[in-house]
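None of the values given here were measured: they were computed from a predicted structure. Within every chain, numbering begins at 1; the chains are lettered A, B, ... in the order of the sequence lines, protein sequences first and strands thereafter.
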Amino acid sequence: MLTLTAIRTQTQEIIERLAKRGIDRTADIQQILILDESKRAKQTLLEQNLAKGNVLAKEIGDLFKSGNKAGADEKKIESVELKEAAKVLETELTELDNQLTQKLYEIPNAPAAKVAYGKTPEENETVYEWGVDPVLPANAKPHWELTSQYDIIDFELGNKITGAGFPVYKGKGARLQRALINFFLDEAIKAGYYEVQPPILVNEASGYGTGQLPDKEGQMYHDKTDNLYLIPTAEVPITNIYRDVILKEEELPIRNVGYTPCFRREAGSYGAHVRGLNRLHQFDKVEIVQIAHPTQSYEILESMLEHVKMLMTKLGLKFRILRLCGGDMGFASAMTYDFEAWSGAQQRWLEVSSVSNFETFQANRLKCRYKTKDGKNELAHTLNGSALALPRIVASLLENNQTETGINLPECLHPYLGFTSI
RNA sequence: GGAGAAAUGGCAGAGCGGUUGAAUGCGGCAGUCUUGAAAACUGUUUUAGUGUAAGCUAACGGGGGUUCGAAUCCCUCUUUCUCCGCCA
């Protein structure tokens with residue numbers, strides 16, 4: 001969530017930045033300011049009351065010690081009255097605080113300066129493009145036909161075991177998954193990321209920490225017996241490592257990479273665009289996460305883009321990078337770049353990575369801070385990106401590299417695969 | 001899953017109803033001494049809110065209660081440890 005300090009001190013700027021999402025939040029911001037003010041006034045009253053009570057309690061203690069029981073009893077009555085007044089004030093304060101928090105939770109992050117105004121994906125800006133159109137055989141097939149032709153991914157079998165969106169990877173298909181995961185992890189480690197293997201079920205506090213809750217409650221699989229959520233991305237457990245943590249300034253930036261399966265309910269999706277590997281309920285992803293100093297976070301965002309670019313280039317997939325417009329960005333993001341791979345057989349772009357800077361939006365909820373040289377605690381910036389998500393990479397690799405006689409896989413994967421084509 | 005014990009500052013560890021926001025030790029930081037370092041000595045060392053500031057308020061795993069007053073008593077949840085059971 002946005003910090004109250006920012007809302008208080010840069011009110012107009014925040015409103016203008018939010019407008020880039022195509023929404024006018026002026027009224028909400030005004031309401032937050034009013035709530036904040038009355039909350040602080042109430043708090044002052046309560047604290048004055050408590051201070052009086054503390055003095056009184058001390059006096060009563062002293063009277064008891066000196067044996068003046070009558071005097072103590074007299075003061076006790078006064079103390080009880082104070083306490084009752086405090087209780088009322090406390091209830092009012094809690095109510096104001098809840099309203100304020102609720103309001104703050106509802107406001108999305110303020111887009112960064114570079115982000116364009118806009119409401120729809122059509123308004124995203126293409127900032128980079130690489131690669132050439134793949135040369136395909138005349139009878140080029142979409143990946144869902146290739147996977148069954150070569151018997152490497154079995155959607156039907158997944159339906160039987162679990163349901164739609166849970167494919168079974170078989171033989172070379174399974175080995176391709178494993179190769180990609182290892183390739184992505186190794187490349188990240190080479191680039192200086194520290195590998196972690198986090199839990200894939202998280203508690204409620206973690207869901208709130210990265211902003212999936214209360215926002216996207218319905219998107220996550222939820223185990224109600226133990227109140228745990230299946231992660232929609234490794235961003236959740238990895239970023240939550242740094243919840244309630246005060247880092248040393250010189251520790252920044254922290255760079256983590258982790259592979260996890262990801263689970264998304266994707267309620268309400270349908271149609272050809274979700275066919276095959278295009279949208280799954282369970283998929284694999286290698287995620288890079290950084291905790292950064294505020295002055296460096298945009299530089300770091302660029303370096304993360306470079307890393308993903310390098311992966312795409314090595315895989316030899318034609319791709320483009322979009323800087324999302326305000327309206328197409330996620331709730332918690334201040335700036336997001338999407339990578340899209342060109343899918344030759346489907347003749348469309350497939351989103352394969354999303355790299356974002358959240359500035360202090362997540363850190364504020366997480367209470368992820370660093371200590372400055374002069375001993376002050378400041379909120380860190382958090383960033384993350386897919387490097388990379390597997391299914392659409394697999395789809396593009398299969399479709400773009402198909403020939404009459406088989407599918408040739410890129411050289412960078414050969415050492416990991418133990419074979420070169422399917 | 002059963003039985004028992006515990007949770008205090010960066011760490012270790014006192015306190016078990018009334019200047020205890022918290023002894024003591026270690027660590028960290030600053031200083032004295034030294035050419036420099038070590039040692040020794042001295043000082044300092046949680047966080048959040050509010051306020052120009054002094055200050056005030058809150059926090060001893062989380063939540064609730066008893067009391068004029070709670071780190072200290074009670075309830076509850078969570079976590080950890082020991083023993084037993086089960087098990088990749």
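- Of the nucleotides present, rA7(B) is the one that pairs with rU78(B) by Watson-Crick or G-U wobble criteria, both distances under 3.5 Å.
- Judged purely by distance below 3.5 Å, without hydrogens or angles, the side chains of Asn278(A) and Arg275(A) never pair a donor atom with an acceptor atom.
- Of all nucleotides in RNA chain B having an atom under 4.0 Å from a heavy atom of chain A, the first and last in 5' to 3' order are rG18(B) to rG69(B).
- Of the C1' atoms belonging to rU24(B) and rG17(B), the separation is 23 Å, rounded to the nearest Å.
- Here, rU42(B) and rC68(B) have their P atoms 45 Å apart, quoted to the whole Å.
- rU67(B) makes up no base pair with any nucleotide shown, lacking Watson-Crick or G-U wobble contacts both under 3.5 Å.
- The partner of rG31(B) is rC41(B), judged by Watson-Crick or G-U wobble contacts that both fall below 3.5 Å.
- Residue contacts shown for Asp73(A) are absent, as no nucleic acid heavy atom lies under 4.0 Å away.
- Remark: rU72(B) base-pairs with no nucleotide; criterion is Watson-Crick or G-U wobble with both hydrogen-bond distances under 3.5 Å.
- When each of Gln48(A) and Arg8(A) is assigned the nucleotide of RNA chain B with its nearest heavy atom, Arg8(A) is the one assigned upstream, toward the 5' end.
- Remark: rG36(B) base-pairs with no nucleotide; criterion is Watson-Crick or G-U wobble with both hydrogen-bond distances under 3.5 Å.
- If you take atom P in rG4(B) and the same atom in rC75(B), they sit 14 Å apart, rounded to whole Å.
- If you check rU57(B) for Watson-Crick or wobble pairing at under 3.5 angstrom, you find it paired to rA48(B).
- Within the 4.0 angstrom heavy-atom criterion, no nucleotide atom of any strand lies near Asp62(A).
- Nucleotides rA5(B) and rC73(B) place their P atoms 14 Å apart, quoted to the nearest Å.
- Using a 4.0 Å cut-off between charged side-chain N and carboxylate O, Glu13(A) and Arg17(A) make a salt bridge.
- Distance alone, capped at 3.5 Å, places no donor-acceptor pair between the Lys83(A) side chain and the Gly53(A) backbone.
- Residue contacts for Lys52(A): at a heavy-atom cut-off of 4.0 Å it reaches no nucleic acid atom on any strand shown.
- If you take atom P in rG43(B) and the same atom in rA48(B), they sit 27 Å apart, rounded to whole Å.
- In terms of position on RNA chain B, the residue among Lys371(A) and Ile60(A) whose nearest nucleotide sits closer to the 5' end is Lys371(A).
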key: Residues Asp28(A), Arg25(A); criterion salt bridge (charged side-chain N to carboxylate O under 4.0 Å, His left out); working and verdict   = CA-CA 5 Å; Asp28(A) 293 311; Arg25(A) 291 290 194 157; 3.1 Å; yes
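- At a threshold of 4.0 angstrom between heavy atoms, the contacts of Leu50(A) are confined to the sugar-phosphate backbone, with no base atom among them.
- Across the C1' atoms, rA22(B) and rA59(B) are found 12 Å apart, a figure rounded to whole Å.
- The residues Lys103(A) and Glu106(A) are annotated as salt-bridged, a charged nitrogen and a carboxylate oxygen being separated by less than 4.0 angstrom.
- Here, rU72(B) and rC60(B) have their P atoms 8 Å apart, quoted to the whole Å.
- Residues Tyr298(A) and His381(A) keep their aromatic ring centres 6.0 Å or farther apart.
- A gap of 33 Å separates the P atoms of rC81(B) and rA70(B), to the nearest Å.
- Seen from the ring of Tyr370(A), Lys248(A) does not count as a face-on cation partner, given the 6.0 Å and 45° thresholds.
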inquiry  = Please determine whether salt bridge (charged side-chain N to carboxylate O under 4.0 Å, His left out) holds for the pair Lys141(A) and Glu399(A), giving the CA-CA distance in whole Å, both sets of side-chain angles, and the decisive distance to 0.1 Å.
reply    = CA-CA 7 Å; Lys141(A) 295 170 180 167; Glu399(A) 291 178 3; over 6 Å; no
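- The residue Lys83(A) sits close to a base: some heavy atom pair falls under 4.0 Å.
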